[in-house]
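Shown next, in structure tokens, is the structure this report addresses.
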Amino acid sequence: MIPACFSQPKTMSSSSQVPQNLITCIYQTQLCNSPTYLTLTWSKTLFSHSLTIHAPDSFSITISLNPTTFSFFRTKPGSKSILLTQHHYQRIKLYWDFSRSNFAHNSAEPESGFYIAISCNARVQFFLGDLLEELTRRSGLLGSHQLGQPTLLSRREHVFGHKNYISRAQFLGSKHEIGIECSEGTLKVKVDGETSLIVKRLAWKFRGNERIFVGGVEFEFYWDVFNWVNDCKGTTNGTGHGVFVFQVGDGGVWPEMVGSEKRLMRKSLSMSAASASMPSMVSLSPSPSCSSVLQWAEESSDGGRSSCSSSTRSSGSNGGFSLLLYAWRKD
């Protein structure tokens, strides 16, 4: 018999520091005419909301998206000049405006009414958002009208729920809603409300992969709910999470976890270690940057080359993309 624990699992304890949503996106772009990977991390907790922008060996900046005073005031547009010591001391300028941003429920990432831009030598080299004309009017930057959306290589998202987990993500230029449902030992995957995959008997099929279609494009889907199965046995103190990968082509870039994302994973691992009855149980949990299902996905796409701790994997030129979901259970 399958344990009935999938319907009433132990959960993570609530805390103001536990994210409501955490999203990391990797874009391929240019900085002062040099190709680079740009990492945007959107983080939202009960009392904080921020965006961290990071370029390897170049710069890192965190922007607060919280109102500066009372809640009915919006954050003001801003800009910052940054000197790049690794790019012959060239200077870039970062622009942002979230004063009219629209967010889905509990989402850290805005859906509309915002912009983020990076310029070098008075020309825009990176732009994200839907207020391009507003940016041009305010900054007077050149070449902004010829810009398209940047190339999104991969997206990693931490979602929190009871049995249902929702992600609204761009898949090769089109936005889709991905739903993960897990109850009574059965996993259901939905794309735009339509069921694409059903996996039964998760106690035996806690890891696997299947091919599904997202927006008419065939994706390889990998799942790893080993930690959820251990939750049933009471070995992870309710801190387990499911890992799900949607991958097309050679996949995307797997960046290392930093900041609140790294702290979240470390807390989960430390609680798992404290509650494990055997030393070997700890080694079976994913590390902050890697998971067995991630290594499996990478080995199947690049002939055994694992790079989950690297932020410089070559990808994207062939249309590869990966969506990685960490699904956490909460009270």
Side-chain angles (χ1 to χ4, degrees), residues 6-7 20-27 40 42 102-112 128 130 149-202 205-228 241-254 291 293-294 296-298 300-301 315-316 318-330:
F6 284 108
S7 59
Q20 295 177 333
N21 189 230
L22 192 58
I23 300 169
T24 298
C25 296
I26 310 297
Y27 296 92
L40 272 62
W42 308 85
N102 299 307
F103 296 85
H105 179 65
N106 279 341
S107 176
E109 182 183 35
E111 291 190 327
S112 62
L128 184 68
D130 59 352
Q149 289 294 314
T151 302
L152 178 61
L153 301 181
S154 64
R155 176 187 176 96
R156 182 171 64 212
E157 182 171 1
H158 296 257
V159 291
F160 299 79
H162 301 282
K163 300 177 184 178
N164 301 324
Y165 309 88
I166 300 294
S167 173
R168 298 172 180 86
Q170 292 278 350
F171 283 78
L172 304 179
S174 299
K175 181 168 286 189
H176 297 279
E177 181 179 278
I178 301 297
I180 303 290
E181 298 181 8
C182 186
S183 63
E184 303 296 338
T186 299
L187 174 70
K188 291 183 180 180
V189 181
K190 294 185 177 181
V191 178
D192 297 327
E194 298 292 331
T195 300
S196 297
L197 179 66
I198 298 177
V199 181
K200 298 180 179 180
R201 298 186 294 177
L202 282 183
K205 298 180 181 179
F206 51 83
R207 291 191 184 110
N209 70 300
E210 293 283 350
R211 292 182 177 179
I212 65 173
F213 284 88
V214 179
V217 178
E218 187 178 66
F219 276 73
E220 196 74 23
F221 171 66
Y222 302 83
W223 70 89
D224 184 345
V225 293
F226 176 80
N227 286 332
W228 284 356
H241 52 270
V243 184
F244 307 93
V245 179
F246 298 79
Q247 182 168 292
V248 65
D250 286 341
V253 177
W254 299 119
S291 169
V293 72
L294 303 187
W296 183 10
E298 288 177 339
S300 67
S301 65
S315 178
N318 60 350
F321 170 77
S322 293
L323 169 66
L324 166 59
L325 295 179
Y326 284 92
W328 300 82
R329 285 175 168 145
K330 67 177 183 179

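Hydrogens, waters and symmetry mates are skipped; everything else that's a heavy atom, side chains included, is used. For reference, positions follow the sequence shown, starting with 1.
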**Leu153 side, atom CG; Ser322 side, atom OG - distance, nearest 0.5 Å** = 9.5 Å
**Request:** Report the residues that fulfil side chain to side chain donor-acceptor pair (under 3.5 Å) with Ser107, sequence neighbours left out, ordered by chain and then residue number.
**Result:** none
**Message:** Ignoring hydrogens, what is the shortest heavy-atom contact between Ser112 and Asp130? Give both atom names and the distance.
**Reply:** CB-OD2, 3.2 Å
**Message:** Rounded at 0.5 Å granularity, tell me how far CG in Asn209 sits from CG in Asp224.
**Reply:** 11.5 Å
**Item:** Pairwise side-chain contact, Leu152 with Cys25, heavy-atom cut-off 4.5 Å (strictly under)
**Value:** yes
**Request:** Say whether, by atom type as modelled, one donor and one acceptor occur between the side chain of Asn21 and the main chain of His158 under 3.5 angstrom.
**Result:** yes
**Request:** Decide, yes or no, whether a salt bridge links Lys200 with Glu184 under the criterion of side-chain N to carboxylate O below 4.0 Å.
**Result:** no
**Message:** My understanding is that only residues two or more places apart in sequence, or in another chain, count here; which of them pass salt bridge (charged side-chain N to carboxylate O under 4.0 Å, His left out) with Glu218?
**Reply:** Arg211
**Message:** Going by salt bridge (charged side-chain N to carboxylate O under 4.0 Å, His left out), name the residues that satisfy it together with Glu181, two or more places apart in sequence or in a different chain.
**Reply:** Lys190
**Asked** Residues two or more places apart in sequence or in another chain: which of them pass salt bridge (charged side-chain N to carboxylate O under 4.0 Å, His left out) with Glu111?
**Response** none
**Asked** Between Ala108 and Trp42, what is the shortest heavy-atom contact and its length?
**Response** O-CE3, 3.5 Å
**Request:** State, with a plain yes or no, whether a side-chain heavy atom of Ile166 is found less than 4.5 Å away from one of Glu177.
**Result:** yes
**Asked** In Å, rounded to the nearest 0.5 Å, how long is the span from CG of Leu325 to CD1 of Ile180?
**Response** 6.0 Å
**Pairwise side-chain contact, Val217 with Val248, heavy-atom cut-off 4.5 Å (strictly under)** = yes
**Asked** How many angstroms lie between CG in Leu197 and CG in Leu187, if you round to the nearest 0.5 Å?
**Response** 6.5 Å
**Prompt:** From Leu324 CG over to Gln247 CD, what is the distance, rounded to the nearest 0.5 angstrom?
**Reply:** 10.0 Å
**Prompt:** Is any side-chain heavy atom of Pro150 less than 4.5 Å from a side-chain heavy atom of Leu128?
**Reply:** yes
**Asked** Less than 4.5 Å apart, any side-chain heavy atom of Arg155 and any of Ser167?
**Response** yes
**Prompt:** Does the side chain of Val243 come within less than 4.5 Å of Tyr326's, by heavy atoms?
**Reply:** yes
**Prompt:** With Tyr27, which residues qualify under ring pair (Phe, Tyr, Trp, His ring centres under 6.0 Å), at least two apart?
**Reply:** Phe126
**Item:** Distance, nearest 0.5 Å, that separates CD of Glu109 from CZ of Phe103
**Value:** 9.0 Å
**Request:** Run the numbers on Thr186 and Val199 for side chain to side chain contact (heavy atoms under 4.5 Å, CB included), then give the verdict.
**Result:** CA-CA 6 Å; Thr186 299; Val199 181; over 6 Å; no
**Asked** Listed by chain and number, what are the side-chain contact (heavy atoms from CB on, under 4.5 Å) partners of Phe171, not counting sequence neighbours?
**Response** Ala169, His176, Ile178, Val214, Phe219, Phe246, Phe321, Leu323
**Exam field: side chain Trp228 to backbone Leu202, donor-acceptor pair closer than 3.5 Å** = no
**Request:** Would you mind reporting whether Phe244 and Val189 have side-chain heavy atoms less than 4.5 Å apart?
**Result:** no
**Asked** Are side-chain heavy atoms of Phe213 and Glu194 found at a separation under 4.5 Å?
**Response** no
**Prompt:** Within 45 degrees of the axis of the six-membered ring of Phe226 and under 6.0 Å from its centre: does Arg207 put its NZ or CZ there?
**Reply:** yes
